[in-house]
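Here is the structure we will look at.
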Number of protein chains: 2
Amino acid sequence: MKEAPNKCDCEKCDVREMFYKNVEAQYIEIVCNTKIEKAFKKGDMIIEEGKPIESFIYLKSGLVKLFKQGEDVKGQIIIIAKPFDFVNLLSVFSDTNYNYSVTALEDSVTCHLDLDHIKNMIRTNGEFALSIMKKISKVSDTIILESLTIRKKNIHGRVAYILLFFANQIYEDSYFELPLNRREIAEFIGKTTENVIRTLSEFRRDGLIKIFGKSIEIIDKEKLQQVSDFG
Amino acid sequence: MKEAPNKCDCEKCDVREMFYKNVEAQYIEIVCNTKIEKAFKKGDMIIEEGKPIESFIYLKSGLVKLFKQGEDVKGQIIIIAKPFDFVNLLSVFSDTNYNYSVTALEDSVTCHLDLDHIKNMIRTNGEFALSIMKKISKVSDTIILESLTIRKKNIHGRVAYILLFFANQIYEDSYFELPLNRREIAEFIGKTTENVIRTLSEFRRDGLIKIFGKSIEIIDKEKLQQVSDFG
DNA sequence: TTAAAATTATGATATTTATCATACTATGAC
DNA sequence: GTCATAGTATGATAAATATCATAATTTTAA
């Protein structure tokens with residue numbers, strides 16, 4: 001990780017709209033002046049479980065995973081987040097320390113805003129408060145409903161689901177490079193590594209996908225969708 | 001369900017503290033005057049999936065379950081909520097319609113505040129906004145972390161966990177009446193009804209609990225805790 | 001009160017998934 | 001390049017869980 005040159009280029013910032021739409025100029029300036037932008041390499045730790053929550057972080061570019069490092073060996077991936085999904089929405093307002101860790105699955109850039117400034121903005125600007133709330137509510141909802149969706153599927157359904165998730169939600173392409181290794185996929189869907197590998201092999205044998213190491217090509221999207229829906 | 005006599009008795013309301021601590025008198029009055037209190041009998045539907053979200057609801061007394069009615073037969077219980085846990089925190093600020101249903105597990109009383117008034121209070125009162133946010137964040141966090149906790153346990157661990165959940169969190173007593181039938185427990189922990197029943201029988205045979213229909217007495221709490229932790 | 005329906009219970013069996021063992025393959029360090 | 005290490009892959013087996021069948025018990029409705 002390295003800190004990028006920290007010019008206040010909010011004009012070009014993708015998430016400016018959401019944050020600054022309703023905020024008065026003088027507050028924008030305060031936030032801008034204290035904003036820190038950080039660049040992370042693939043694999044870098046962005047947030048570590050247990051550490052104090054000091055800033056309001058959002059993802060500017062890249063891809064990250066949120067996970068529990070758990071006492072047990074097995075980690076558990078909570079969610080894969082892409083830009084526009086805030087990184088640390090879960091506990092920012094309710095806890096002093098992180099309940100989970102975040103690492104970069106791809107080279108990523110994050111924006112760090114001082115949490116106290118954000119809280120002040122919420123205190124002084126109701127519209128801003130409401131839009132943050134809307135976002136928090138949405139992200140939590142998504143995590144909860146996605147977890148219920150995955151939970152009721154068997155392993156075939158879960159693997160199919162996650163392949164379609166990457167194809168449709170993340171890369172918008174039938175051909176993509178998996179940002180997770182097989183063990184991490186297992187940690188995301190709550191099954192063992194071996195069975196994830198086996199299931200991928202079966203999908204390949206059945207002509208649903210092609211596998212080139214970490215690269216996946218979805219051949220029969222319709223059938224894969226069926227496996228996801230009814231599996 | 002019947003509407004209770006609707007006097008503005010906020011002075012005696014358990015959750016007044018949280019809501020009104022930071023709110024100016026004139027707003028309290030507006031909310032009070034439009035507040036509706038509703039009484040539900042055990043089994044009554046409080047919120048129905050798909051219906052529009054019109055009010056900000058919190059639970060004054062009783063016990064409720066939030067669940068997906070799902071296309072498939074099997075429902076899935078998201079959370080059991082007791083007073084002080086808001087009922088409809090999940091989607092209130094991010095959606096127009098409910099993503100889940102809520103029914104009363106015990107006779108319950110809910111307070112319904114006009115959602116637009118709440119939003120206005122958020123707009124005009126930053127401290128109030130922050131305390132609502134803190135609560136939302138906390139509830140979402142709890143749901144997510146609890147679901148991860150349950151997910152990594154086998155059926156013995158899950159059943160032990162839920163028994164201890166009722167004993168410690170809900171009833172604060174080793175002897176309690178289960179508010180869920182065996183099928184609903186299964187829906188909560190994501191296992192089949194038969195296996196929940198079987199596991200309860202095993203716990204009884206092993207002397208961990210006593211079972212009298214829906215009533216449970218926890219005999220060996222320590223051992224049950226071990227089963228929950230390591231199962 | 002009685003019949004019907006739902007719930008609880010248990011056994012037998014099938015299916016799914018995890019675990020263990022063993023290669024093979026790719027990757028990074030030296 | 002070579003070695004060590006992590007990741008991928010597959011088979012054999014064990015363990016966990018689901019499914020199916022059936023019966024007893026409790027609850028509900030007429």
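Atoms considered below: every heavy atom in the structure, side chains included; atoms not considered: hydrogens, waters and symmetry mates. To find a chain, count down the sequence lines: A is the first, B the second, and so on, and within it residues start at 1. Here the structure is a predicted model, which means the values were calculated and not measured.
- Between the side chains of B:H112 and B:E54, no donor N or O sits under 3.5 Å from an acceptor N or O.
- Spacing between atom NZ of B:K214 and atom C1' of C:dA9 amounts to 14 Å, rounded to whole angstrom units.
- The interatomic distance linking B:I197 (CD1) with D:dT17 (P) rounds to 16 Å, in whole Å.
- Along DNA chain C, the nucleotide nearest to B:L180 and the one nearest to A:R198 differ in position, and the one closer to the 5' end is contacted by B:L180.
- Across the protein-nucleic acid pair, B:K153 atom NZ and C:dA18 atom P stand 17 Å apart, rounded to whole Å.
- Judged purely by distance below 3.5 Å, without hydrogens or angles, the side chains of A:D114 and A:S55 never pair a donor atom with an acceptor atom.
- Every pair passing ring-ring contact (aromatic ring centres under 6.0 Å, His included) that includes a residue from residues 175-197 of chain A is listed here, sequence neighbours excluded: A:Y171-A:F176.
- Put simply, CD1 on B:I155 is 15 Å from P on C:dT17, counting in whole angstrom units.
- For DNA chain D, none of the residues of residues 200-208 of chain B falls under the heavy-atom distance limit of 4.0 Å.
- Regarding contacts with the backbone of D:dT8, a side-chain N or O of A:R182 is found under 4.0 angstrom from either OP1 or OP2.
- Counting non-hydrogen atoms of other residues, nucleotides and ligands closer than 6.0 Å to NZ of B:K134 gives a total of 12 or fewer.
- One atom, CZ of A:R183, and another, C1' of C:dA18, lie 17 Å apart when rounded to the nearest Å.
- No side-chain donor-acceptor contact under 3.5 Å links A:E48 and A:S101.
- For the pair B:I185 CD1 and C:dA9 P, the interatomic distance rounds to 10 Å; values are reported in whole Å.
- Near DNA chain D, meaning a heavy atom under 4.0 Å away, there are no residues from residues 156-164 of chain A.
- Sparse packing is recorded around NZ of A:K223, with 12 or fewer heavy atoms of other residues, nucleotides or ligands lying under 6.0 Å away.
- Residue-level contact check: A:N195 touches the bases, meaning some heavy atom is under 4.0 Å from a base atom.
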**Stepwise side chain to side chain donor-acceptor pair (under 3.5 Å) check, B:N154 with B:K191** = CA-CA 9 Å; B:N154 63 20; B:K191 295 284 162 185; over 6 Å; no

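- Taking atom CD on B:E194 and atom P on D:dA23, their separation rounds to 16 Å, with Å as the unit.
- Within the 4.5 Å cutoff, side-chain heavy atoms of B:S228 are placed close to those of B:K153.
- Counted by atom type alone, A:D229 and A:Q225 present one or more donor-acceptor pairs between their side chains at under 3.5 Å.
- Between the CD atom of A:E184 and the C1' atom of D:dA6 there is a distance of 12 Å, rounded to whole Å.
- Of the candidates D:dT10, D:dT17, C:dT7, the closest approach to any side-chain atom of B:N181 belongs to C:dT7.
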